[in-house]
Amino acid sequence: MFQSIADVKQRLEKANYLASDDIATVVFLADRLGKPLLVEGPAGVGKTELAKAVADALNAELIRLQCYEGLDEAKALYEWQYAKQMLYTQVLRDRVGELLADTQTLREAFERIAEEEDLFFSERFLLPRPLLRALMAEERPVLLIDEVDKADPEFEAFLLEVLSDFQVSIPELGTIRARTQPFVLLTSNQARELSDALKRRCLHLFIDYPSFREELGVVRMRVPEASEALAAELVAFVQEVRNLALKKVPGLSETLDWARALALLNVHSLGVKEVEQTLGVIIKHEGDQMRTRQSIPELLRRAQLRLREWKE
Amino acid sequence: MDDVLVGFIRVLRAAGIRVSTSEALDAMQTGRLTGLRDRRLLKAALRAAIVKRQQDIPLFDELFDRYFDPNVEELPVSPQMAQQGAQDAHPSKPHEQFMQALREALERLRLPQLDHLTEALLAGNVMVITAEMLQHMSPEQLQQLESLLQRGRLTRYILDQMGWQRIQQQIGELARELQAAGEFELAQQVRERLWELQELFPRWVAEQVNDAYERMSPATQQQPLSRDLERKAFSRFTEEEVRAMQEIVDELARKLREDFARRMRRGGIRRLDVSRTLRASYQTAGVPMELVFKEHRRNKLRLVVLCDVSSSVRNASRFMLQLVYSLQQQRGHVRSFVFIADVDEVTDVFERHSVDAAVEMAMGEANIRYWAHSDFGSVFRQFLDEYSDALNSRTTVIVLGDGRSNYFAPQLDALAEIRRRSRQVIWLNPESQYSWGIGDSIIDLYARECDMLTECRNLEQLRQVMEHLTRSVA
């Protein structure tokens, strides 16, 4: 549990995540109200990072369920370990023989085995997948359901059931109820609109591209090897790039990669040449690259202006 | 505290933001956790609990600021108070100081706290007052209003329900008590404020009733869609009518998607995947415990929509764009382009803006020459050059246009190439079939390279096209 909003901020920062006031407030609320938190926003603004940082800050296990098209209950909840069951039967064959030695008829033997059936469908042979693992955890875990918009609407409906009651039923075992209610984070890139029902169940946080100040803060924290001057220059540049009409706008993660790359190349100040050589790190779409390449000098000039404004 | 939030939620709903009961309850809980004092915190918290659509965020922010900061918008201030305020350090907040002084005096003299509405009235917090008023103004009541006389009656009813009489007495009482306690100046201010309110408030309520009535009047009310509209040609729709169709378009898009999903599920016979079943059986000592079936190739609806936005087919395009917008919201894999003589992608625009704004931008702000004459040939050529990554063997390309190419070169080979690289090309022509091939229409020529060419000038035809689309792809 977080103590206060300030506490959230502090502990997330310790986990290497700079949270804005809005983010800290919402995380605090989700923690206190025990509601799932749906985080939406463009790719690469640190949605998944937030989940990792929250797990870190709460000192909790992070259980991650990556969604994709065709993900179904079996892959998200549990599977039976047939191999292990078989192995056990093989090893125990003699014992089974003994057990059945004094039975007279087939029917009797059958009955005897049936009495032991529970053994074979017990938690011992159950392979829990992320959702079930989160429910069965002894200590409160952080459950990250990543890119929920990629899953099919049917799966969303199933998720809804789990998230509202925090329990699932397994036909052979009965109902399993969460031992501790996990801290649930869902992320979405808005590839499609999620259902209203799911949205209603969750608190909602929209993370947009960071402001200059925020982004600079993150770069300084995550990539200390880049000098402050360089960091400011490259962040200003990326901020300008985001104003272009690109197909794939560079996110915070691209900025960080770029900062690392430039620091590695011992760049101290951005010029046209440096940018051209490393542009591929922040811009990954071919058409975008061509468009950006043409306007590098202009972008640099505007980035300088932005820097000057900021310094004043 | 709760009634402050309930009032706010009422304002949000009146402004068109959907707030469900469970979300309202969440809002209460978050409000209790954060308290009302720190506005920024409260704003972030309520936003998380209530606003679930990105497009609603700006509206929410604006309403929040107006509701919780009484200085943004005010019932008129008396000239005297305004003057006093002007001489002080914070000229823009005359009420703030008056209210501050009043609250301090109440505390000092151990007088009872003012109730929520009374305080809002004294402070001139319009949003809080509006929230309270909306509670007593139901749509049913407004619908029954016919004459001016009845509007007057509703005004009086609302004033009664809000306890206007009692509030006046309370303020009068307050002034007397302040007077008795020797707070002459403050008492005078309160009295003046009361006179002012008596003058203004009933009139303000009457205006609100009038406004609401105007909004509800039959002229602006949505009529249920009749059979005629189903067959009415898009070109005869007014712009408002097209916009009002959004709901129907949404439904059409949803239906298309659901039909599609259902067809995919039905799928027919499942084929056993022998090799994978055998591989799985190694785990179980060669006993095939688990049968693995061949997966149906998950055919998804992948659309590329090319929409002519020249003035001759404007309405049909607007319609198509709305449909594309809904499709895109519900499922990705739709890429939208607009063209006249050159072509630009608007997929992103659709992702970032509300439907009205997005359609408006596609119709007027994309990176194409809007004043040019339609030139289908160059459009297809340019599309191939720049956006061929949008095409693969599973995409359905939909072209919406009248095929009137102003005698420019048809470049049929470009369309042929598009068709070769995609699953199918469907051409929707919003022009009446009778005029095809007449004048500069080369639609017959293009028809050779389309898998389907159909007249699409009304809702009914559009529905048919969508059904065909589901069948042909699934």
Side-chain angles (χ1 to χ4, degrees), chain A residues 4-5 20-35 37-42 69-70 79-87 89-90 149-150 152-154 164 189-206 208 245-249 285-287, chain B residues 18-23 25-26 29-30 32-34 38 40-54 56-57 257-258 261 264-265 280-287 289-290 295 298 300 326-334 344-345 347-349 351-352 366-367 386-387 389:
Chain A
S4 65
I5 294 171
S20 67
D21 287 345
D22 282 8
I23 295 177
T25 308
V26 178
V27 168
F28 175 71
L29 288 173
D31 186 34
R32 276 303 166 91
L33 299 179
K35 291 216 132 213
L37 175 56
L38 171 64
V39 189
E40 287 192 295
E69 228 186 298
E79 273 175 308
W80 287 107
Q81 289 177 298
Y82 294 122
K84 204 167 162 191
Q85 282 172 338
M86 286 299 261
L87 195 67
T89 344
Q90 303 255 317
D149 51 334
K150 297 260 167 66
D152 306 296
E154 294 80 23
S164 51
N189 284 330
Q190 296 170 303
R192 71 182 165 86
E193 236 2 62
L194 300 173
S195 75
D196 281 349
L198 185 66
K199 285 182 163 187
R200 267 205 303 277
R201 291 265 184 330
C202 302
L203 292 180
H204 190 260
L205 175 64
F206 183 77
D208 209 343
L246 297 182
K247 293 221 171 62
K248 203 190 159 303
V249 181
H285 187 278
E286 198 189 330
Chain B
R18 280 225 310 257
V19 188
S20 71
T21 314
S22 70
E23 282 161 345
L25 289 174
D26 286 349
Q29 266 187 305
T30 51
R32 250 170 249 142
L33 272 176
T34 57
D38 187 338
R40 283 198 46 203
L41 219 113
L42 182 67
K43 192 169 171 182
L46 291 181
R47 201 196 289 134
I50 294 172
V51 187
K52 305 290 163 79
R53 295 193 316 171
Q54 194 194 337
D56 287 342
I57 292 177
R257 194 178 67 75
E258 277 166 11
M264 293 289 34
R265 266 197 301 278
S281 76
Y282 296 149
Q283 277 205 347
T284 46
V287 184
M289 297 282 282
E290 216 176 346
E295 265 177 46
R298 296 178 68 88
K300 241 190 330 198
S326 311
L327 281 173
Q328 210 177 309
Q329 292 286 310
Q330 292 175 19
R331 211 71 171 98
H333 302 291
V334 180
D344 186 29
E345 176 158 13
T347 313
D348 265 18
V349 176
E351 239 142 61
R352 290 191 200 161
N367 189 20
E386 287 180 28
Y387 301 107
D389 62 319

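Lettering follows sequence order; numbering is per chain, from 1. Note that these values count all heavy atoms, side chains included, but never hydrogens, waters or copies made by symmetry.
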Closest heavy-atom pair and its distance - A/Lys199, B/Glu23: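 Heavy-atom minimum between the residues: O-OE2, 4.5 Å.
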With a 4.5 Å cut-off on heavy-atom pairs, point out which of B/Thr347, B/Asn367, B/Val51 contacts chain A the most.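 The option with the most such pairs is B/Val51.
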Contact leader toward chain A among B/Ala44, B/Ala48, B/Ser20, where contacts are heavy-atom pairs under 4.5 Å: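 Option with the greatest count: B/Ala48.
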Hey, what do you get for [atom1] ([X]) to [atom2] ([Y]), rounding to the nearest 0.5 Å?
X: B/Ile57; Y: A/His204; atom1: CD1; atom2: NE2; result: 7.0 Å
X: B/Arg40; Y: A/Asp22; atom1: CZ; atom2: CG; result: 6.5 Å
X: B/Asp348; Y: A/Lys248; atom1: CG; atom2: NZ; result: 11.5 Å

Is it the backbone or the side chain of [X] that comes under 4.5 Å from a heavy atom of chain B, or both, or neither?
X: A/Lys35; value: side chain
X: A/Asp196; value: side chain
X: A/Leu203; value: both

Contacts of B/Asp56 meeting salt bridge (Lys or Arg N to Asp or Glu O under 4.0 Å) (sequence neighbours excluded), chain-then-number -> B/Arg53
With sequence neighbours excluded, tell me which residues meet side-chain hydrogen bond (donor to acceptor under 3.5 Å, both in side chains) with B/Asp344. none
What residues form a side-chain hydrogen bond (donor to acceptor under 3.5 Å, both in side chains) with B/Ser281, not counting sequence neighbours?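 B/Ser281 satisfies side-chain hydrogen bond (donor to acceptor under 3.5 Å, both in side chains) with no residue once adjacent residues are dropped.
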Neighbours of chain B found in residues 25-32 of chain A - heavy atoms under 4.5 Å: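 Heavy-atom contacts from residues 25-32 of chain A to chain B are A/Thr25, A/Val26, A/Leu29, A/Arg32.
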Under a 4.5 Å heavy-atom cut-off, does chain A meet the side chain of [X], its backbone, both or neither?
X: B/Ile50; answer: neither
X: B/Glu386; answer: neither
X: B/Asp389; answer: side chain

Around atom CD of A/Glu79, are there more than 12 heavy atoms of other residues, nucleotides or ligands at under 6.0 Å? yes
Determine whether a donor-acceptor pair (N or O, by modelled atom type, separation under 3.5 Å) exists between the side chain of B/Lys52 and the backbone of A/Leu198. no
If you tally heavy-atom pairs under 4.5 Å between each of A/Leu194, A/Leu33, A/Leu38, A/Ile5 and chain B, the highest tally belongs to A/Leu33
